[in-house]
Every structure is written in structure tokens, then in C-alpha cells.
There are 2 protein chains.
Amino acid sequence: MPYLKKCPPVPEPIDCRILTAALDLFVENGFHNVSIHEVQKRAQVSIGSIYNHFGGKEGVAQALYKHILNEMDELVETVMAEFPTPWQQCEAIIRQLFEHTETHRNIIAFVFHAKHTEFISQDPLMCHSAAFSKMRSIVRNGIEAGEFVDMDSWVLTSSIFGGAIRMIQLRLDGVIEKPLPEYGEMLLQTIRTGVFQERSDA
Amino acid sequence: MPYLKKCPPVPEPIDCRILTAALDLFVENGFHNVSIHEVQKRAQVSIGSIYNHFGGKEGVAQALYKHILNEMDELVETVMAEFPTPWQQCEAIIRQLFEHTETHRNIIAFVFHAKHTEFISQDPLMCHSAAFSKMRSIVRNGIEAGEFVDMDSWVLTSSIFGGAIRMIQLRLDGVIEKPLPEYGEMLLQTIRTGVFQERSDA
DNA sequence: GTCTATATATGGATAGAC
DNA sequence: GTCTATCCATATATAGAC
């Protein structure tokens with residue numbers, strides 16, 4: 001009789017339990033449709049603890065927000081260190097985001113789906129976050145290096161990442177039914193060379 | 001003394017007043033941060049009337065949702081009637097959306113910014129709406145006609161419209177500071193021919 | 001059909017024991 | 001630090017007069 005097996009491994013720290021419970025609930029039902037009582041119940045923690053650790057519901061959301069923005073930033077940072085050229089970096093970021101959409105669904109959903117200003121007062125607007133700033137600066141590097149076409153960097157950043165972000169949203173909504181990585185190369189192709197069929201008589 | 005001027009022209013019908021007030025408030029503060037009392041106050045209508053006409057706050061949101069999806073559908077419909085080729089239709093839709101973002105800001109914001117499932121139960125998911133379906137079918141037409149590259153239509157639709165949608169969101173968030181139509185041609189260029197600089201030595 | 005006043009529930013927040 | 005029980009504001013929804 002494997003007695004020791006019944007010992008739960010290492011119990012997760014309490015604030016971590018709260019955050020993961022909150023993330024799941026917020027993504028599933030939306031911030032405003034989730035009560036502290038529900039978070040408390042799912043996290044197996046008392047209300048008092050939630051107030052102790054985060055000061056309330058919005059405090060939980062803020063902590064979550066910061067934490068997840070950090071993760072995103074690290075993702076971009078890693079890619080930048082690993083690949084030399086701006087375009088390779090863009091490619092890698094899109095591939096990573098597609099992977100993450102499948103493996104860390106709720107994190108991605110929290111980043112791309114929610115309108116954070118609705119529940120985080122004094123919201124340092126997602127697109128001003130370190131991760132998104134870095135994505136734009138990659139694009140600027142590419143322009144300066146003569147790799148990308150020379151135009152407004154907001155437009156170009158939107159052109160490069162907009163399609164991917166759109167696909168992520170469609171995937172999260174369940175509209176796209178197959179895992180995103182299957183579509184990665186296709187998407188990258190259109191970003192590189194546009195959407196037109198090569199004219200065979202050209 | 002121009003006495004007649006003081007007569008308000010034709011008073012707007014009551015349900016219209018409610019909808020426009022609600023639209024503005026929902027976009028500004030988010031559905032859950034707006035109380036019926038605020039809508040009532042801004043629309044200069046009593047709470048009873050709101051319940052009579054729409055059955056409650058969610059009813060107002062649903063009516064708004066339907067109405068606005070209709071407008072979007074008409075926009076796409078008109079473009080399809082006016083332009084012959086799929087690509088011209090795509091171009092025109094993007095230009096129209098950019099225009100609308102400036103002239104009907106809150107309508108566009110309601111369409112692209114909100115996560116409707118959070119406040120509309122049984123939400124016929126935006127991307128399944130007539131307008132979005134038609135956009136995708138335009139893309140399919142382009143593929144069949146050999147105009148667009150032959151690939152999954154979700155990917156291609158995202159490639160074509162994703163950048164525009166992204167720019168609309170950035171504009172609504174105040175990140176992009178100039179009116180979108182200024183960027184229209186730039187964006188269309190990258191969709192057509194990709195993001196790379198033409199190599200002068202090619 | 002429109003209004004005002006009110007009932008009722010929900011849920012964020014706190015107090016105080018352990 | 002953690003818990004339970006309770007408070008109290010808010011906001012949806014309704015009742016009933018006009």
C-alpha cells in the first residue's frame with residue numbers, strides 16, 4: 001500500500017492559488033461576473049486571506065496583470081536574445097504566441113481578450129507595456145536596417161502582428177478549431193509577401 | 001428675437017434616446033460600470049420607460065448589439081455592390097472602417113472593443129455575424145478567382161483585416177494620435193506586397 | 001406609456017476570534 | 001496570517017399612481 005503517495009506533493013503557496021483561481025474565473029466569466037466569494041471558494045482560501053494578500057478583488061486583478069505582463073516581456077526578451085535579425089525575431093514572437101495560445105490559454109486570453117481599463121483603475125494600458133513596446137522597437141530596428149519597408153512604425157507593427165493577434169482572438173473564441181501553430185507558416189508567408197497569388201504570366 | 005429657434009427640432013423618439021445614451025456610457029465606462037440610473041439620467045427618461053422598452057439593462061445592450069451589427073452589415077453590403085473585385089472590396093471595407101472610426105467612434109468602439117459575451121447572454125458571437133461572414137466570403141471569392149493566394153480562409157481573412165482591426169483598437173485607445181484614414185494607403189500597401197523593403201539589387 | 005418610490009438581492013468590504 | 005460572520009452600499013427590478 002503506497003501510503004506516501006497520498007501526501008499531496010508540495011501544497012501551492014496561498015497567493016499563487018488565489019491568482020490561478022482568479023485567472024481562470026476572470027477569463028471564463030469576465031471580471032465583473034466573478035465575486036470574491038467564488039474566487040475564495042475555488043482557491044480554497046478564506047475571504048480574509050484574499051484581502052490580506054491583495055486588498056480586494058481589484059488588487060487581485062492588478063497583481064495578475066503585472067505578473068502576466070512580466071511573462072510576456074520575458075517571452076519577447078528571450079526571443080530578442082536568441083535571434084539576430086528583426087524579421088526572425090518577429091517570426092519567433094508570432095510562433096511563440098501561437099504556442100502559448102494552446103499551452104497557456106488563459107494567460108493569453110487575459111492579455112488579448114480583456115479590456116483592462118474596465119476593471120483596473122489607472123491602467124498602464126497594455127499596449128504601453130514593456131512587451132508591446134519592445135515589439136514595436138523590433139519593427140523600428142527592421143526599418144532602420146533597411147529590412148522592412150520604410151513607413152510609420154505603428155502601421156508596420158500592426159501589419160506584422162495584427163493578423164496573428166486576430167487569429168489568436170478567433171482561436172480563443174473557438175471560431176478557429178485547429179491549434180494555431182498549424183497555421184503559423186501560412187500566416188508568416190502572407191506577412192512577408194502579401195496576399196496576392198503570384199501571377200504565372202508575370 | 002428668433003423665438004422659434006428655441007424649439008428643439010423634432011424630439012428624438014424615446015427608445016432612440018435610450019440607445020444613444022447607453023452606447024455612449026457603455027463605451028466610455030464599460031457595461032458593468034454603468035447603472036440603469038445613469039442611462040436614465042443621461043437619456044432624460046424614467047427607469048420605467050427603459051424597462052418598458054427593453055426589459056432591463058441587458059435588453060438595452062442586446063438591442064444596441066443587433067442594431068449596430070445591422071449597420072456593419074449594411075456597410076459591407078454596400079461596398080460589395082459598389083466594387084467588382086474581391087480586393088477592391090477589401091480595400092473599400094478597410095477605408096470605410098477607418099472613416100467610421102473617426103466619424104462614428106462609439107459604434108466602432110462597441111463593435112471592436114467590447115467582449116460582448118460578458119454582458120449578453122446567448123451572444124451570437126460577433127465574428128459569426130452577417131458582416132464578418134461576408135468579409136470572409138469576399139476573401140474566399142478572391143481565392144477561388146485566383147486573385148488571392150490559395151490558403152485557409154481564416155488565415156487569409158486575418159491577414160487582410162487583422163492589421164486594420166489592430167490599428168482601430170490602437171486608435172480607440174488613443175495610442176495612435178492621427179486620424180486613421182491618413183494611414184490607409186500605407187496599410188493597404190503592406191497587405192498587398194508584404195512588409196519587406198524592395199531589394200534594390202534584386 | 002410614463003413616472004416615482006420602494007423592495008430585494010448581490011457582493012464588496014470589515015471586525016474580531018483564533 | 002487565517003478564518004467566519006456580519007455589515008452596508010449599490011443597483012436591478014417591481015409596484016402602483018398618473
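Keep in mind the model is a prediction, meaning the values are calculated, not measured. Naming convention: chains lettered A, B, ... in sequence-line order (proteins, then strands); numbering from 1 in each chain. These numbers come from the heavy atoms of this one structure, side chains and all, not from hydrogens, waters or symmetry mates.
Residue A/His53 is classed as a sugar-phosphate contact, given heavy-atom separations below 4.0 Å to backbone atoms only. Using a 4.0 Å heavy-atom distance criterion, A/Ile14 is classed as a sugar-phosphate-only contact. Residue contacts for B/Val39: at a heavy-atom cut-off of 4.0 Å it reaches no nucleic acid atom on any strand shown.
Contact check for B/Arg95 versus B/Leu188: side-chain heavy atoms found under the 4.5 Å cut-off.
Where B/Ile47 and A/Phe31 meet DNA chain C, the nucleotide closest to each residue was compared, and B/Ile47 sits on the side nearer the 5' end. Projected onto DNA chain D by closest heavy-atom contact, B/Ile36 and A/Gln44 fall at different nucleotides, the more 5' of which corresponds to A/Gln44.
If you look at B/Phe110 and B/His116, their ring centroids are closer than 6.0 Å.
Without hydrogens or angle criteria, A/Arg140 side chain to A/Ser153 main chain gives no donor-acceptor distance under 3.5 Å. Side chain of A/Arg171 to main chain of A/Glu177: a donor-acceptor pair is present (N/O by atom type, distance under 3.5 Å, no hydrogens or angles).
At whole-Å resolution of the value, NZ in A/Lys41 and P in C/dG11 are 12 Å apart. We find that CG of A/Asn52 is positioned 14 Å from P of C/dA13, with the value rounded to whole Å. Rounded to a whole Å, the OH atom of B/Tyr51 is 14 Å from the C1' atom of C/dA5. Straight-line distance from the NE2 atom of A/His37 to the P atom of C/dG11: 8 Å, rounded to whole Å. Separating the NE2 atom of A/His32 from the C1' atom of C/dT10 is a distance of 15 Å, rounded to the nearest angstrom. Atom P of nucleotide C/dG12 and atom CD of A/Glu58 are separated by 12 Å, given to the nearest angstrom.
Ring geometry for A/His32 against B/His32 counts as parallel: the plane angle stays under 30°, on a 0 to 90° scale with 60° as the upper cut. Below 30°, between 30° and 60°, or above 60°: for B/Phe119 and B/Phe26 the angle between ring planes is between 30° and 60°, a tilted geometry.
You can see that DNA chain D meets the heavy atoms of chain A within a 4.0 Å-exclusive cut from D/dT2 to D/dT4, reading 5' to 3'.
Side-chain contact annotation: A/Thr157 with A/Arg136, donor-acceptor N/O pair under 3.5 Å absent.
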